[in-house]
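Comments concern the structure below.
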Amino acid sequence: MRTEQIADILDDMGSLLEIKGENPFKCRAYHNAADSLRGVVGDISALVADGSLTELPGIGASTFAKIAQLATSGHCTEFEALRREVPPGLLDLLRIPGMGAKRIKLLRESLGISGVADLKKAAEKGAIAGIKGFGAKTQAKILEGLEFLDKAGTRMLQSTALRLAEPILAAASEHPDVLRASICGSLRRRAETIGDLDILVSTDHPRRVLDDLADRSEVVSILAHGDTKLSVRLSEGAQCDIRAVTDEQFPFALSYFTGSKAHNIAMRKRAIALGLKLSEYGLVADDGTPTPCRDEAEIYKALGLEFVPPEMREDSGEFALAEAGKMPELIELKDLRGTFHCHTDYSDGANTLEQMAQAAMDRGWEYLGIADHSRSAAYAGGLSVEKLHKQWDEIDKLNASFGSKFRLFKGIECDILADGSMDYPDEILRRFDYVVASIHSSFGQDRAAQTARLIRAAENPYVTMLGHPTGRLLLARPGYDVDLEAVIHACARTGTMIEINASPYRLDLDTDGTRFARHCDVMISINPDAHSIAGLDDVYYGVGVARRAGLEPKDVLNVSGSKDILNLIKRKPPTL
DNA sequence: GCCGTTTTCGGCCCGACTGTTTTCAGTCG
């Protein structure tokens, strides 16, 4: 069983125990163990085999036994017993805003509710309002929450979150009473998908600011409105939490509301170990003496740490680095000098070669790699050999006109066919400056076949890099079943690079895959998969993934300038 | 259930907001 599945089961066990009414700290321990497990890069079977998994924080002998059973046999005796005891359908109720374990327990005991369908019936009948501790408002909220879950789903793409948050942030920043304003939460950490939006402001007049923001036209409904916290629903179902603090508190609140939760807990524990208390309002010694900090960096400094960039705040190894003064100098958007996976109107892109080149120059780039679809991708206007020649001629002409200031590279997004062979013969492939190899068909092959298929592609001497290596579409489609680590090992062995496909719909490689690729010394290319001029800017999201994975400029292909880049993309060593 | 630089027992992050109470429990982040 895969690590992620095991972590999910541990989370479910913790939640089922909560609903059962177990000691909350015992329940918490299951969630802690799940979080800890998710921090492991790659396969855990070796860590299970030699027992070293118990060295992870939060995993003791008892949890280890359960993980070991799950990892080796795929089932867990205690989990199965627990599911017989507590209806697993109750777990779905946790996703309803305002519903926690205690209320679910009460609903089960008083009305025999065992899942979403029961709850809906009871709420519609008006039976919820009669239970002690519940009332008419809670019942209405439950119905509203059920409806929301039904139509909205729970998470949104980072690009959606930015689009929704930016006008609110702008309004907050421009408000005359606001001193500082920032996005916080998972959007600031640049997580792959976003649950809700968090915005923090500092002001001496919190009520006035929150009242004004609550009145904005983007706000569809108000969920909570206090003196320092406003929680609203925006269009498209997104929830936005806005908090107001004083300017002295701002850095502490910024740190706190950026999270992650695991990172915050580790920060607080660290403060406690130093005889300090860290909260969203300040850093205070036991005798009440505050340690003022003007920004987040000063908070980290006060705790004996190097500044941790928001993207790395997941309690997945950043504290060891920050403590040792070895935080990576993370790659930044401005480090990119060009990019490699871009479509034009030769296949399914919206813009011409010349327009794309001009757009790249407008962004200060020195080169742009064109990679239209190959001939098998008929649905996307894949290029026949004849059309390839036409495109190459046009690129030659454009390059001649650019002189030394800019260069278009002749590439292709070449389909990896079902058997792992390429969509053009070698005599065509060799004529490209570089080749991005991607899967666009036969998604249903089993794990072994899909893995072998990608490895064969990596072994092709003309394949420069793999494109969107898992094929996933965020919130829409899981990737195909593939042993990504085996593929990354094959890339390391053959000198094949891998792209972070930076489209906000893909982010593929993901953070864990990128971290593993770096661990294996596989060069990463941050590619927008742009189908238009605007799509070029999606490299922003790819840089986010790279930063979350701890990548420095030296780990990324397209930080190299036009002088070196051709050698890098053509240098693939002969395969073994 | 996990954990230990005063601990192998007794803690485990903590404050805001809501709805239901009549002083507070539950949820959330």
Side-chain angles (χ1 to χ4, degrees), chain A residues 10-11 13-15 17-19 21-36 53-67 78 82 93-107 128-142 145 184-189 194-200 206-207 210 222-232 239-245 249 252-253 255-284 315:
Chain A
L10 291 175
D11 271 329
M13 288 185 81
S15 300
L17 287 167
E18 280 175 77
I19 293 168
E22 264 286 0
N23 175 345
F25 296 109
K26 179 174 168 178
C27 305
R28 185 71 248 152
Y30 280 88
H31 297 300
N32 289 340
D35 290 345
S36 201
L53 208 56
T54 56
E55 287 165 23
L56 289 181
I59 297 180
S62 162
T63 309
F64 175 75
K66 295 178 184 87
I67 294 172
E78 286 93 340
L82 197 54
L93 306 191
L94 286 169
R95 291 170 55 217
I96 300 168
M99 290 291 281
K102 299 256 175 64
R103 284 186 177 149
I104 292 171
K105 179 171 187 271
L106 201 52
L107 286 168
I128 307 282
I131 306 170
K132 188 172 160 53
F134 288 74
K137 281 197 173 176
T138 307
Q139 179 170 274
K141 275 201 161 182
I142 287 174
C184 310
S186 54
L187 185 54
R188 183 160 181 246
R189 301 200 312 278
I194 308 300
D196 56 20
L197 309 173
D198 292 285
I199 290 174
L200 176 71
R207 187 75 207 197
L210 294 187
I222 292 172
L223 305 171
H225 188 167
D227 288 335
T228 64
K229 178 180 166 179
L230 169 68
S231 189
V232 300
Q239 184 176 326
C240 180
D241 294 336
I242 302 163
R243 332 230 175 186
V245 296
Q249 294 166 338
F252 301 100
S255 165
Y256 182 79
F257 293 121
T258 296
S260 65
K261 195 171 157 192
H263 182 87
N264 285 353
I265 290 172
M267 288 283 278
R268 286 195 179 199
K269 285 184 175 167
R270 212 180 154 81
I272 289 167
L274 294 169
L276 301 166
K277 197 181 107 164
L278 177 65
S279 75
E280 58 266 53
Y281 304 113
L283 181 63
V284 181
D315 193 20

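Reminder, nothing fancy here: chain letters follow the sequence lines and each chain counts from 1.
Across the protein-nucleic acid pair, His31(A) atom NE2 and dG1(B) atom P stand 14 Å apart, rounded to whole Å. Rounded to a whole Å, the CG atom of Asp241(A) is 11 Å from the P atom of dC17(B). At whole-Å resolution of the value, CG in Leu82(A) and P in dG1(B) are 11 Å apart. Put simply, CG on Leu230(A) is 12 Å from C1' on dC17(B), counting in whole angstrom units. As rounded to whole Å, 12 Å separates atom P of dC2(B) from atom CG of Leu17(A). Rounding to whole angstrom units, CZ of residue Phe134(A) and C1' of dT18(B) are separated by 13 Å. When rounded to the nearest whole Å, the span between CZ of Arg28(A) and C1' of dC3(B) equals 15 Å. To the nearest angstrom, C1' of dC28(B) lies 13 Å from CD1 of Ile265(A).
Backbone-only engagement by Lys137(A) is indicated by non-hydrogen atom pairs under 4.0 Å involving sugar-phosphate atoms exclusively. Ala273(A) comes within 4.0 angstrom of nothing in the nucleic acid, heavy atoms only. At the heavy-atom level, Pro24(A) lies nowhere under 4.0 Å from the strands shown. As judged by a 4.0 angstrom heavy-atom cut-off over every strand, Asn23(A) is placed among the base-contacting residues. Note on Thr228(A): only backbone sugar-phosphate atoms sit closer than 4.0 angstrom, heavy atoms only; bases stay farther off. If you check every strand for non-hydrogen atoms under 4.0 Å, Lys105(A) touches nothing. Among the atoms of the strands shown, none is found under 4.0 Å from any heavy atom of Ile272(A). Nucleic acid contact for Ala262(A): none, since no nucleic acid atom lies under 4.0 Å from a heavy atom of the residue. At the heavy-atom level, Lys269(A) lies under 4.0 Å from the strands shown only through sugar-phosphate atoms. Leu106(A) comes within 4.0 angstrom of nothing in the nucleic acid, heavy atoms only.
Annotation: dT6(B) and dC2(B) have their P atoms spaced 24 Å apart (nearest Å). Annotation: dG10(B) and dC17(B) have their C1' atoms spaced 31 Å apart (nearest Å). dG11(B) and dT7(B) have their P atoms separated by 15 Å, with the value rounded to a whole Å. Comparing dA16(B) with dT21(B), their P atoms are spaced 24 Å from each other, to the whole Å. If you take atom C1' in dT23(B) and the same atom in dG29(B), they sit 25 Å apart, rounded to whole Å. Here, dT5(B) and dG1(B) have their P atoms 23 Å apart, quoted to the whole Å. Atom C1' of dC9(B) sits at a distance of 24 Å from the matching atom of dC14(B), rounded to the whole Å. If you take atom C1' in dT27(B) and the same atom in dC13(B), they sit 15 Å apart, rounded to whole Å.
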Could you list the protein-to-nucleotides 25-27 of chain B atom pairs, N/O on both sides, closer than 3.5 Å?
from, atom 1, to, atom 2, distance (Å)
dT27(B), OP1, Gly100(A), N, 2.8
dT27(B), OP1, Gly100(A), O, 3.0
dT27(B), OP1, Arg103(A), N, 2.8
dT27(B), OP2, Lys102(A), N, 3.3

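Side-chain contact check for Arg28(A) versus Asn32(A): some heavy-atom pair is nearer than 4.5 Å. The shortest side-chain heavy-atom distance between Asp198(A) and Arg243(A) falls under the 4.5 Å cut-off.
Between Glu18(A) and Arg103(A) there is no salt bridge, since no side-chain nitrogen of the basic residue lies less than 4.0 Å from a carboxylate oxygen of the acidic one.
For the OP1/OP2 pair of dA16(B) and a distance below 4.0 Å, the side-chain nitrogens and oxygens of Tyr281(A) include at least one atom meeting the criterion. The shortest distance between the side-chain N/O atoms of Lys66(A) and the OP1/OP2 oxygens of dG1(B) is below 4.0 Å. Taking 4.0 angstrom as the limit, Ser231(A) places none of its side-chain polar atoms (N or O) nearer than this to OP1 or OP2 of dC17(B).
Base pairing analysis places dC9(B) opposite dG4(B); the two distances defining the Watson-Crick or G-U wobble pair are each below 3.5 Å.
In this entry the base of dT7(B) is syn relative to its sugar, with a glycosidic angle within 90° of 0.
Across dG1(B), dC13(B), dC17(B), the shortest atom-to-atom separation from the side chain of Ala224(A) is found for dC17(B). Here the nucleotide nearest the side chain of Thr138(A), chosen from dT20(B), dG29(B), dC2(B), is dT20(B).
In terms of heavy atoms, Leu210(A) sits closest to Lys229(A) at CD1-N, 3.5 Å.
Between the side chains of His263(A) and Asp315(A), no donor N or O sits under 3.5 Å from an acceptor N or O.
Nearer the 5' end of DNA chain B, as judged by each residue's closest nucleotide, is the contact made by Gly60(A), out of Lys261(A) and Gly60(A).
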